[in-house]
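Notes follow once the structure below has been shown.
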Amino acid sequence: MSEQKSDIPEVFLKPYNAADHEDTIYQKWEESGYFNPDVCIEKGVTTPDAEPFSIVLPPPNVTGTLHMGHASMLAIEDILVRYNRMRGKRTLWVPGTDSAALATQSKVEGIIYKQEKKRRDEIGREELLKRIDVFAEESKDTIIGQTKKMGSSLDWSRYAFTLDEKRYKAVMEAFIRMYNDGLIYRGARSVNWDPNMQTTVSDDEIEYVEQKDPFYYFQYGPFVIGTVRPETKFGDKYVVMHPDDERYKDYHHGQTLEIEWINGPITTTIIKDEAADPEVGTGVMTITPWHSAVDFEIAERHGLEREQVIDERGLLLPIAGEFAGQHIKKARPLIIEKMREQGLVVDIDENYMHKIATNSRGGGTIEPQIKEQWFINVNKEFTMGQSEVPGVHAGDQVTLKTLMIKAVENGGVSIFPDRFERVYYNWINNLHDWCISRQIWYGHRIPAWFKAGEVKVQIDSPGEGWQQDPDTLDTWFSSGLWTMSTLGWPDMTEDFKTYHPTTVLETGYDILFFWVARMILMSTYLTGQVPFKNAYLHGLVRDEKGKKMSKSLGNIIDPLDMIEKFGADATRLSLIVGAAPGNDMPLSEDKIRAYKKFANKLWNISRFTLTNLADADFSVTAELSPRDQEILDGLHATVAEVGADIDKFNLYLAAEKAYHYVWHELADKILEESKEVLNGADNEAKLARQTVLKECLTSSLKLLHPFMPFVTEVVWQELLEDMRDAEMLMVAKWPEKIDR
RNA sequence: GACCGGUUAGCUCAGCUGGUAGAGCGCAGCAUUGACAUUGCUGAGGUCACAAGUUCAAGUCUUGUACCGGUCACCA
């Protein structure tokens, strides 16, 4: 080893090993305080009047662990944040976690049942909540620690939890205002009831699962009707047909017939309604408004009676006669047996495929029920207050639906990729009133009080004898406030004034409806502002064959394993390159390994460059050759292109260009050809090239920093003092213009 | 059924406002002990799903067809 090489920091004498550096670097960043824009202003790396750039982190479940979906979200957002911070913007990225009410409560209930064989009513509300809190608090550190492992430059001083004090305040404010404006109402409507979890579930949380069941044809007076659910049919006393169906033109609306039915003779009434499709079966159906949303609507239209047949646990009620008290599953074959004896069974199709509604949050089969619940009315007109939403003015008559549409239509919110804008409109046009009350305990309790048929909506008890509604709010109600509540709303804090509307909301396209749409609804209504100017929707991370990662398939790639093996930088880059917004992306361990090689390549580029700069005297200015100038122009062009791609959210292109430049331009061409100059006799030419290489190295580090923050920062820390324009790379200036 | 994507090299995909095909991985050959255990160079491989249309010119625009995928709705 020569004299010169001993000047090189010892750290470079081994291949780059991410595990040796990442934790210490993250700690340094945290200690520096630069994740907090206020500190950046204080220390002079940002100015108080700089343009703000803000992102609010989609909060992961407090009891969850980091998966590749999170990892890709964190990588994308951190790139945007680091890049904009280096550009000198007042950059804020707010962290938080979500209670995931339903999922968390059922998880804890499960644990308790396993250990103590006790159900929720035996534990009691207060005790259960206490245990859930303990559980949530314990697991919180896991997800936060894992988030840090990815290198996320989140401002932890602004950490928020969906159920904490400040968020509670925002939720109460929102509920009460919506109630006072008549946008929240209580009503008995058809809801999705989960008999397992004993709660309602919103339309969006339902997952339809295909299943084969027998389809029965029954004689219903002169008609033949079909059903998969004979157990709901006891109370059917309306028979519906299309008004234009020629086959039934002799029957008229409102006509009554005496017929023989399961439990003896009944009176049935003819209803003519367009909901009956003449093409389906015989074109005639009976309805069960209590246990079907569609039937409920028909009953609403004609003011029909409705009767409950099945209770909340799935047991038949007295209307079922001899079957009362039995569970629907057990009763079905017995009911069929009886009907067969009565000669009511016309035919049975054993191979009928249909989709049944299940609770996607780990519950059971949905049983529609009519229940008294709280709803948000999305079609009610109200007068818009103060508005910054493009195309909507104070005093306009709007509905929540029109607000949601206009916010996007007029460019207040841009959705990337833009094809999702059409998906968004489509969803809004099919949107029904949103049921927001849940019969679970973990969540924000509804601020409504009952006494002798009276209802009052307020936070504190109105006094003696008033009972608070035991229900809690749908978790998406509070999530809908997230951009606002994390920035201090309903108080007009400095944070809210500075950072709201946020610049970007970045999340998976799978929660466009759950969350993105609801934030737009809440924010436009409550503040007259859009919640974010841009919605960037990323795709799902799949395995190398394009399959969804799942435990049962055993194809999960754990980001923490990958970080340990290949480093966070490699993991990040593997999730960015090739990941066009909105497209699913295949990921393999090989791909991550490839970017570990790249981190090492950069390491060696740095070592080579530093070795060859050790004897340079930069106080002397050397004349650049045309080739030197060409190299700098190439560098400049690359930096500009990468920046432009990030600005356009084309991170996959930006990352690829940066990668390609550093490896195949800087390393393969520039460094290779420089060897001759550096070892040559022409000292002037040598110094000129050294100056150029210094520029190439520092700019490349900056260029790559948003994508691979750790290795670039490690190298930066080893640079000589006069090569750096900042103590830390994370707050160094993005090389927008190279003055030469 | 409605809507939205996709179909380009063996694999995964890029190709912006139309100007005779690109990357990574893989494969084959050569070189290299080096800034690099994780390297470099060279090469093979494509009638861009199919058909018609617009155009001087079509992966690129239009229409239709086929297949694959997704989302939503519905089946009483």
Side-chain angles (χ1 to χ4, degrees), chain A residues 5 8 12-17 203-204 206 208 215-218 220 223-229 232-233 236 238-241 273 275-277 279-288 291-295 298 352-357 417-427 429-432 509-510 512-513 539-540 542 544-546 548 566 570 574 577-580 582-588 590-591 593-612 644-645 648 650 652-653 656-657 659-660 663-664 667-669 671-672 674-675 678 693:
Chain A
K5 282 197 175 173
I8 294 310
F12 284 114
L13 297 178
K14 300 182 289 186
Y16 178 65
N17 182 20
D203 292 348
D204 296 292
I206 285 179
Y208 290 91
F215 188 85
Y216 305 95
Y217 291 96
F218 297 139
Y220 187 82
F223 310 108
V224 172
I225 59 153
T227 186
V228 246
R229 305 203 54 199
T232 64
K233 293 287 155 197
D236 287 11
Y238 298 103
V239 57
V240 185
M241 57 206 69
D273 191 285
D277 183 350
E279 302 291 313
V280 177
T282 58
V284 176
M285 62 180 180
T286 60
I287 56 167
T288 315
H291 300 295
S292 155
V294 176
D295 294 359
I298 297 171
Y352 181 69
M353 290 300 292
H354 68 140
K355 285 176 195 158
I356 55 156
D418 58 9
R419 66 188 142 92
F420 283 102
E421 293 189 356
R422 270 161 291 170
V423 178
Y424 172 84
Y425 296 136
N426 197 29
W427 177 78
N429 291 329
N430 290 320
L431 190 61
H432 298 288
Y509 64 76
D510 53 329
L512 175 62
F513 306 141
L540 270 43
R542 294 170 176 273
E544 52 199 311
K545 294 188 192 97
K548 223 173 189 168
F566 307 117
S574 73
V577 178
N583 287 359
D584 289 354
M585 182 201 43
L587 180 71
S588 64
D590 281 345
K591 188 174 178 189
R593 187 178 294 115
Y595 292 110
K596 183 191 171 170
K597 289 187 193 175
F598 180 57
N600 193 57
K601 187 75 185 178
L602 179 65
W603 191 247
N604 281 297
I605 288 167
S606 306
R607 184 211 296 200
F608 175 83
T609 309
L610 291 177
T611 309
N612 284 288
D645 279 330
K648 285 185 281 186
N650 285 327
Y652 66 115
L653 294 179
E656 215 173 286
K657 278 176 190 162
Y659 171 93
H660 191 266
W663 198 320
H664 300 297
D668 291 352
K669 302 212 173 93
L671 293 191
E672 284 305 327
S674 294
K675 286 176 181 171
L678 293 167
L693 291 185

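Note on naming: letters A, B, ... go to the chains in the order of the sequence lines (proteins, then strands), and numbering restarts at 1 for each one. For clarity, every value in this text was computed on a predicted model and none was experimentally measured.
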Which residues share a side chain to side chain donor-acceptor pair (under 3.5 Å) with [X], sequence neighbours left out:
X: A:K596; answer: none
X: A:D668; answer: A:H664
X: A:H432; answer: none
X: A:N17; answer: A:D20

For [X], what residues pass the side-chain contact (heavy atoms from CB on, under 4.5 Å) criterion, not counting sequence neighbours?
X: A:N583; result: A:R419, A:A580
X: A:K597; result: A:W663
X: A:D584; result: A:Y509, A:L540, A:R542

With respect to the side chain of A:N600, which nucleotide from B:rU38, B:rC74, B:rC41 is positioned closest? B:rU38
Looking only at the side chain of A:W663 (C-beta and beyond, no hydrogens), which of the listed nucleotides B:rU39, B:rC75, B:rA23 gets closest?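 Selected nucleotide (nearest to the side chain): B:rU39.
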Between A:Y16 and A:I225, which is nearer to the 5' end of RNA chain B once each is assigned its nearest nucleotide? A:Y16
Could you check A:F513 against A:E672 and say which one's nearest nucleotide on RNA chain B is further toward the 5' end?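 Result: A:E672.
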Distance, C1' atom - from B:rG46 to B:rG22, rounded to whole angstrom: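 Result for the C1' pair: 11 Å, nearest Å.
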Is any side-chain N or O of [X] closer than 4.0 Å to OP1 or OP2 of [N]?
X: A:Y652; N: B:rG15; answer: yes
X: A:Y208; N: B:rC74; answer: yes
X: A:K675; N: B:rA35; answer: yes

Watson-Crick and G-U pairing of RNA chain B written in dot-bracket, each distance under 3.5 angstrom, with | for inter-strand partners: (((((((..((((.....[..)))).(((((.......))))).....(((((..]....))))))))))))....
Show each protein N/O and nucleotides 4-7 of chain B N/O combination with a separation under 3.5 Å, one pair to a line.
| residue | atom | partner | partner atom | Å |
| --- | --- | --- | --- | --- |
| B:rG5 | OP1 | A:R422 | NH1 | 3.4 |

Please classify B:rG46 as syn or anti, treating any glycosidic angle within 90° of 0 as syn.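 The base of B:rG46 is oriented anti (glycosidic angle more than 90° from 0).
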Quick one, A:V284 with A:V224, criterion side-chain contact (heavy atoms from CB on, under 4.5 Å). Give me CA distance, side-chain angles, the key distance, then yes/no. CA-CA 7 Å; A:V284 176; A:V224 172; over 6 Å; no
